Amino acid sequence: VNMADMEAETTTQPEPMVDKEEPLFSSLDIFLFTLIIGLVIYWFMNHFQDDVPCKCLCFKLFQGKNIIVFYGSQTGTAEEFANRLSKDAQRYGMKGMAADPEEYDMGELSRLSEINNSLAIFCMATYGEGDPTDNAQDFYDWLQENDDENLSGLNYTVFALGNKTYEHYNAMGKYVDKRLEELGATRIFDLGLGDDDGNLEEDFVSWREQFWPAVCEHFGVEALGDESSIRQYELKEHPDINMNKVYTGEIGRLKSFETQKPPFDSKNPFLAPVTVNRKLNKGGDRHLMHLELDITGSKIRYESGDHVAVFPTNDPALVKRLGEILGVNLDTVISLNNLDEESNKKHPFPCPTTYHTALTHYLDITHPPRTNVLYELAQYATDPKEQENMRKMASSSPEGKALYQSWVLDASRNIVAILEDLPSLRPPIDHLCELLPRLQARYYSIASSSKVHPNSIHICAVVVEYKTKTGRINKGVATNWLKNKVVTDNGYKSTVPMYIRKSQFRLPFKATNPVIMIGPGTGIAPFMGFIQERGWLKEQGKEVGETVMYFGCRHKNEDYLYQEELEEAESNGVLTKLNVAFSRDQEHKVYVQHLLRNNKEELWKLIHTQNAHIYICGDARNMAKDVQTAFHDIAEDLGNMTRTQATDYIKKLMTKGRYSQDVWS
């Protein structure tokens, strides 16, 4: 409504009578105002209807189910375990379903107690530094904020997925287990702890074998004794379908790669053109690379320290080989439809699609299959010995576990290798597609600052390729896919489906705080962004604290990543000090932790008296632990502390956000 027009209009009206009040808005004003509001609502609904998920009241959808398996999953493993547990329920005369907590109103959780013999199972992975996974963040917040929630009557159990090399081992699973009990829920079986640094599959299978007998005892039910394969999906072929209705690799909305609409996230990635793809190392037998992705016009925002998630595709040669082994036309258009019509998960991956698209974009065909896949596929082996060995590997017997460890895991056999080495095993391809886990996004620390590169995201990665015990060459899915993303491919721009995952790995709020960055190898990635940002702040005339870098590589003349950029940053004063450990350029290996000890006095001064922030990025299993031990030694030596005091000192720095890690194993 234009108030100036209203004012002009009133001046032309005759003087109103004193006892009659003019309405503030005329009928025309109200009509126009209503029309504008209606158009805004229509535009908003039309613009976002494909991208905004609705949260349903979980109780209605859970009617008819009594085993609900919630999962907090970042890489797909927890979701996979949840699906296996919900499928198990059928063997005990129960009805189960896997549920993503992000898609439900978890405030309805207490109502599960209204369902007879109901049980909530939580398969919860821990991500990063003790954080919940993205899809469990809202559930975590709800648990923290609702102290007066009454969950008495809710039966639950938790299986946690983590990695012992990380500081906060299984923090999310442990928290959910403890918090549900505090809110009055009844734990019917002990918390399970899965360790991905050891054998996560074995941890899960061992827990699961004790869990189901406990469920039977608690609810007074018995196993039905039916150990046969249970299909969740049925195959439907589409010989005459309009190809415009067929998924070709989209993650969420059909044709979303043709008509891109923000906001971009895990369900709606942005197709970013590759503008740079160059080899970083000057020699050696590895391939280290630097890529730049163009995000112009996407409205994507990022900060230094964030992660970029990319959706890779499988090696075409591997997909083709799978089709050859199974004798299948991979261009057949199919749907796998859930046999449970009430399930909210209608398909295991976007359907309708072709087998070729499913095996290229949606299914993981490179990781060694888990024991449940071997168990389900064993029925199709026509050689009794091969069938027996497959069943044995899927069992919990010591010899079965040992055989699975040696023949599948240690030999790094993927599904293609297994089919090649078991010639009598020829399963129907639709059942195989039902059983294989989803191909997951891969995360990389962003190697740029949005202050300097607002329309570009940089990635630093090493190509994974190795020879297995069977003599095969295994290739990392994402890194080999990225390596082949040439800037222009036959006149077309190469693109990467991506989105941003926010991180807690942040530069200090006060630019005057000193920073100590430790990142050997590709662990340098986030620090390239940090250095760019500190340089930008200096250019703005801001006072910037000391910026110290510790980098490590094998040989100065081979894999000194970003050497020119780092040396330039040191020469122009952005880097106060650049320390580089070349581990194999001398007789005795020298690593970043050795340089830390050599510079202990200046480091202690920065940490203890100048409020420095410490950042570590790279390998969790060895490097991060060795670096932490070095800081314990420095605190003990120069802070006149006992070992316990030194350890507590570093832990306090972590709590205050002054000791941050972005590590992987």
Side-chain angles (χ1 to χ4, degrees), residues 80 201 229 231-239 247-249 312-336 348-349 351-394 403-404 406-440 464-477 480-481 484:
E80 205 183 320
E201 174 71 11
S229 171
R231 291 293 300 262
Q232 282 182 288
Y233 299 92
E234 64 178 351
L235 171 67
K236 181 174 172 56
E237 294 187 356
H238 306 281
Y247 282 87
T248 57
T313 58
N314 287 312
D315 182 350
L318 215 53
V319 174
K320 185 184 176 189
R321 179 69 183 130
L322 202 49
E324 288 170 353
I325 293 170
L326 297 177
V328 175
N329 177 6
L330 295 179
D331 293 328
T332 306
V333 180
I334 57 113
S335 289
L336 288 180
F349 44 78
C351 291
T353 190
T354 64
Y355 285 124
H356 190 275
T357 299
L359 294 169
T360 301
H361 293 269
Y362 300 139
L363 297 172
D364 186 340
I365 61 174
T366 59
H367 270 106
R370 298 196 184 276
T371 56
N372 66 304
V373 177
L374 298 181
Y375 177 83
E376 298 263 353
L377 294 181
Q379 62 185 308
Y380 301 114
T382 54
D383 182 324
K385 185 64 180 168
E386 288 182 0
Q387 187 174 117
E388 182 191 341
N389 279 337
M390 289 183 74
R391 293 198 187 279
K392 187 186 285 183
M393 285 189 285
L403 185 60
Y404 175 73
S406 62
W407 198 80
V408 178
L409 298 182
D410 295 344
S412 303
R413 275 187 173 89
N414 58 34
I415 190 62
V416 176
I418 285 171
L419 291 171
E420 285 177 338
D421 293 344
L422 298 176
S424 86
L425 178 64
R426 294 296 178 262
I429 191 168
D430 61 294
H431 197 179
L432 182 64
C433 289
E434 175 180 322
L435 293 169
L436 290 173
R438 283 292 295 268
L439 183 59
Q440 298 293 325
V464 176
E465 189 172 306
Y466 59 95
K467 196 172 199 174
T468 72
K469 288 183 177 179
T470 66
R472 293 178 172 91
I473 300 297
N474 275 10
K475 296 179 178 182
V477 176
N480 280 276
W481 171 75
N484 294 320

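Along the sequence shown, the residues carry numbers beginning at 1. This is a predicted model, so every value here is computed, not measured.
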Worksheet item: Can you name the closest pair of heavy atoms from L419 and R426 and give their distance?
Response: O-NH1, 3.1 Å

Worksheet entry | Point-to-point distance, once rounded to the nearest 0.5 Å, from CH2 of W407 to CE of M390 | 7.5 Å

Practice prompt. Please test H361 against Y247 for side-chain hydrogen bond (donor to acceptor under 3.5 Å, both in side chains), starting from the C-alpha separation and ending with a verdict.
Written response: CA-CA 10 Å; H361 293 269; Y247 282 87; over 6 Å; no

Worksheet, complete the sentence: When L322, L439, L359, N480 are each screened for side-chain contact (heavy atoms from CB on, under 4.5 Å) with N314, the one that passes is L439

Discussion item. Working note: R370 + D364, criterion salt bridge (Lys or Arg N to Asp or Glu O under 4.0 Å); need CA distance, chi angles, decisive distance, verdict.
Written reply: CA-CA 12 Å; R370 298 196 184 276; D364 186 340; over 6 Å; no

Worksheet item: Atom CD of Q379 and atom NE2 of H431: how far apart are they, to the nearest 0.5 Å?
Response: 6.0 Å

Worksheet item: Rounded to the nearest 0.5 Å, what separation is found between the CD atom of E386 and the CG atom of D421?
Response: 9.5 Å

Practice prompt. May I ask you to decide if T371's main-chain N or O and E201's side chain share a donor-acceptor pair within less than 3.5 Å?
Written response: yes

Response to the item:
Result for side-chain contact (heavy atoms from CB on, under 4.5 Å) between Y355 and one of L432, I429, L326, V333 points to I429

Worksheet item: Does the pair E388/R391 count as a salt bridge with the N-to-O cut at 4.0 Å?
Response: no

Practice prompt. Any chance you could measure L377, atom CG, to N372, atom CG, to the nearest 0.5 Å?
Written response: 9.0 Å

Worksheet item: Donor-acceptor pair, Y362 side chain versus G249 backbone, under 3.5 Å?
Response: yes

Worksheet entry | Separation between NZ of K469 and CG of L409, rounded to the nearest 0.5 Å | 10.5 Å

Discussion item. Whether the side chain of T354 engages the backbone of D331 through a donor-acceptor N/O pair (distance < 3.5 Å, no angle test) should be reported.
Written reply: no

Worksheet item: Between T248, I365, T313, which is the residue that forms a side-chain contact (heavy atoms from CB on, under 4.5 Å) with T360?
Response: T313

Item to complete: Please confirm whether the backbone N or O of T332 pairs with a side-chain atom of E237, one donor and one acceptor, at under 3.5 Å?
Response: no

Item to complete: Determine yes or no for a side-chain-to-main-chain donor-acceptor pair under 3.5 angstrom, with Q387 supplying the side chain and A378 the backbone.
Response: yes

Practice prompt. Give, for atom NE2 of H238 and atom SG of C351, the distance between the pair rounded to the nearest 0.5 Å.
Written response: 7.0 Å

Worksheet item: Any donor-acceptor pair under 3.5 Å linking the side chain of R413 with the backbone of P369?
Response: no

